[in-house]
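Order of appearance sets the numbers: ligands from 1, and atoms from 1 within every ligand. Residue numbers start at 1 and run along the sequence shown.
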Amino acid sequence: MNDKIRVAVVGAGNIARAHLNAYVQSGRAEIVAVADVVEEIAQARAEEFDCKAYTGHREMFDSEDIQAISVCTPPIAHREVTEAALERGLAVLCEKPLARTVEEAQAMVKAADRTNGILMTALCHRFHPAVCALREMITAGRLGQIIHFHNRFAFRFVGVENTWFVNPEIAGGGILLDTAVHSVDLFRFLVGEVESAWARLHTTLPGLKVEDSAILHVHSTEGADGVIECSWVTPVSEAAIWLYGTRGEAVVDYAAAELRYRLEGDDDWTRVPDEGPNRFVGEINHFLDCVVNGTKPTVDGREGLRALEILAAGYRSAKSGCAESTAE
Ligand SMILES: NC(=O)c1ccc[n+]([C@@H]2O[C@H](COP(=O)([O-])OP(=O)(O)OC[C@H]3O[C@@H](n4cnc5c(N)ncnc54)[C@H](O)[C@@H]3O)[C@@H](O)[C@H]2O)c1
């Protein structure tokens with residue numbers, strides 16, 4: 001008997017491949033179909049993953065016996081696809097940002113509540129093994145009281161000016177909605193709830209309607225501070241989290257694939273190599289667990305909504321020049 005979970009993916013571009021590979025690696029899913037508005041992309045991905053191709057998600061939902069979907073379209077389509085799936089009783093893993101705006105995300109959370117459905121936000125860094133190990137250290141009190149968080153996700157996104165990522169109608173914003181959405185979620189996951197946010201936005205590339213770099217300062221309800229840096233235009237790729245507490249400090253170094261820490265009294269750094277599974281496999285496995293057990297994802301629609309509320313406060317602050325409350 002085939003007791004695998006029957007899944008499909010809507011939007012078959014870049015990140016869809018990570019979802020599809022993770023479904024394969026989980027060994028627990030049967031990939032039934034993919035849908036993409038561009039027929040050649042749908043066909044190519046269907047051939048690659050040996051499943052059916054559709055150009056419309058509604059047609060796919062009506063024609064196939066599916067239990068769960070990944071939404072891997074640009075943000076403009078997240079709400080429509082998610083609501084259509086939830087109405088049919090499908091579990092949804094929706095890519096970040098959950099939506100373009102707080103209002104859209106609120107509607108998606110309401111749809112999940114109304115249908116009693118599963119809505120997970122694909123904030124994959126929560127499943128990065130070194131981040132999980134760091135969270136365990138914090139929870140066990142090994143770093144003491146957390147004072148400062150610093151995170152940088154920056155790289156040169158060649159040709160970004162020709163993509164949907166810089167179209168505010170499609171993306172909802174610039175790099176804050178692309179990478180800082182992960183960063184604010186990481187701050188909440190590791191440090192705590194965000195009370196206020198302050199951002200300074202930079203637009204370096206000519207003719208762009210959105211920010212291509214930003215600095216965001218977040219302040220927690222417990223008094224800790226976070227500095228988040230992000231850029232699409234700096235040539236050296238950097239992805240790291242530095243965390244400073246009263247009893248020690250720790251670094252999640254994505255390039256070195258390790259967590260390293262140095263506690264009070266230590267003469268040197270202790271290095272913990274990241275031995276996987278990769279964060280997409282961890283994310284997909286959690287989603288599949290929720291589908292099988294009918295449980296709520298740890299990173300549900302409300303968590304995705306909260307990240308957008310913090311970024312909205314960041315955008316408001318960039319206009320006002322003052323830190324803004326994250327309360328909606
Ligand atoms: N978690 C991560 O690390 C990560 C990384 C990259 C992208 N993303 C997110 O994943 C989403 C997709 O990004 P991408 O880089 O894969 O973009 P992409 O442009 O490579 O792929 C998106 C695909 O969706 C298709 N599409 C557009 N509207 C559609 C619709 N209504 N129905 C079906 N298909 C539709 C497009 O034709 C395209 O093939 C975005 O929300 C992005 O922010 C997340």
Measure from atom 40 (C) of ligand 1 to every heavy atom in Val71, Asn14, Thr73 and give the option owning the shortest one.
->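 Considering heavy atoms of Val71, Asn14, Thr73, the nearest to atom 40 (C) of ligand 1 sits in Thr73.
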His217 and His219 aromatic ring geometry - parallel, tilted or perpendicular at 30°/60° bounds |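 Tilted.
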Should the pair His182 and His125 be assigned to parallel (<30°), tilted (30 to 60°) or perpendicular (>60°) ring geometry?
->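 Perpendicular, since the angle between the ring planes exceeds 60°.
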Region of [X] that comes within reach of ligand 1 [heavy atoms, distance under 4.0 Å]:
X: Val37; value: both
X: His182; value: side chain
X: Cys72; value: backbone
X: Val10; value: side chain
X: Phe165; value: side chain

Nearest-neighbour protein heavy atom for [atom], which is reported as residue plus atom name and distance:
atom: atom 19 (O) of ligand 1; result: Trp164 NE1, 2.9 Å
atom: atom 1 (N) of ligand 1; result: Glu95 OE1, 3.3 Å
atom: atom 21 (O) of ligand 1; result: Gly13 CA, 3.3 Å
atom: atom 39 (O) of ligand 1; result: Asp36 OD2, 2.6 Å
atom: atom 6 (C) of ligand 1; result: Ile15 CD1, 3.8 Å

Under a 4.0 angstrom heavy-atom cut-off, which atoms of ligand 1 come close to [X]?
X: Cys124; value: 1 (N), 3 (O)
X: Ile41; value: 39 (O)
X: Ala77; value: 31 (N)
X: Val38; value: 37 (O)
X: His78; value: 41 (O)

Name of the residue among Val7, Leu93, Val81 meeting side chain to side chain contact (heavy atoms under 4.5 Å, CB included) with Ile69 |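 Single side chain to side chain contact (heavy atoms under 4.5 Å, CB included) partner of Ile69 among Val7, Leu93, Val81: Val81.
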So which of Leu243, Val251, Val272 actually passes side chain to side chain contact (heavy atoms under 4.5 Å, CB included) with Leu134?
->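 Passing option: Leu243.
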Report yes if some heavy atom in the side chain of [X] is under 4.5 Å from a heavy atom in the side chain of [Y]; otherwise report no.
X: Glu249; Y: Leu143; answer: no
X: Pro277; Y: Gln25; answer: no
X: Leu98; Y: His78; answer: no
X: Glu104; Y: Leu308; answer: no

Which pairs count as salt bridge (Lys or Arg N to Asp or Glu O under 4.0 Å) when at least one residue sits in residues 217-233, sequence neighbours excluded?
->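 Counting only pairs at least two positions apart or across chains, the salt bridge (Lys or Arg N to Asp or Glu O under 4.0 Å) contacts touching residues 217-233 are Arg152-Glu229.
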Mark the output for His125 as yes if a heavy-atom distance to ligand 1 is under 4.0 Å, and as no if none is.
->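 Contact check His125 vs ligand 1: negative.
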Whichever hydrophobic residues join Phe280 through chains of side-chain contacts under 4.5 Å |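 Cluster partners of Phe280: Ile15.
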Going by distance only, is there an N or O of Pro74 that falls short of 3.5 Å from an N or O of ligand 1?
->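 Not met; the criterion fails.
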So, is Lys96 polar-close to ligand 1, with some N/O to N/O distance under 3.5 Å?
->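 Between Lys96 and ligand 1, an N or O pair is found under 3.5 Å apart.
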Is the ring centre of Tyr254 less than 6.0 Å from the ring centre of His128?
->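 Centroid distance Tyr254-His128: below 6.0 Å, so yes.
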May I have the step-by-step check of side-chain hydrogen bond (donor to acceptor under 3.5 Å, both in side chains) for Thr115 and Arg88, ending in yes or no?
-> CA-CA 9 Å; Thr115 57; Arg88 285 168 168 79; over 6 Å; no
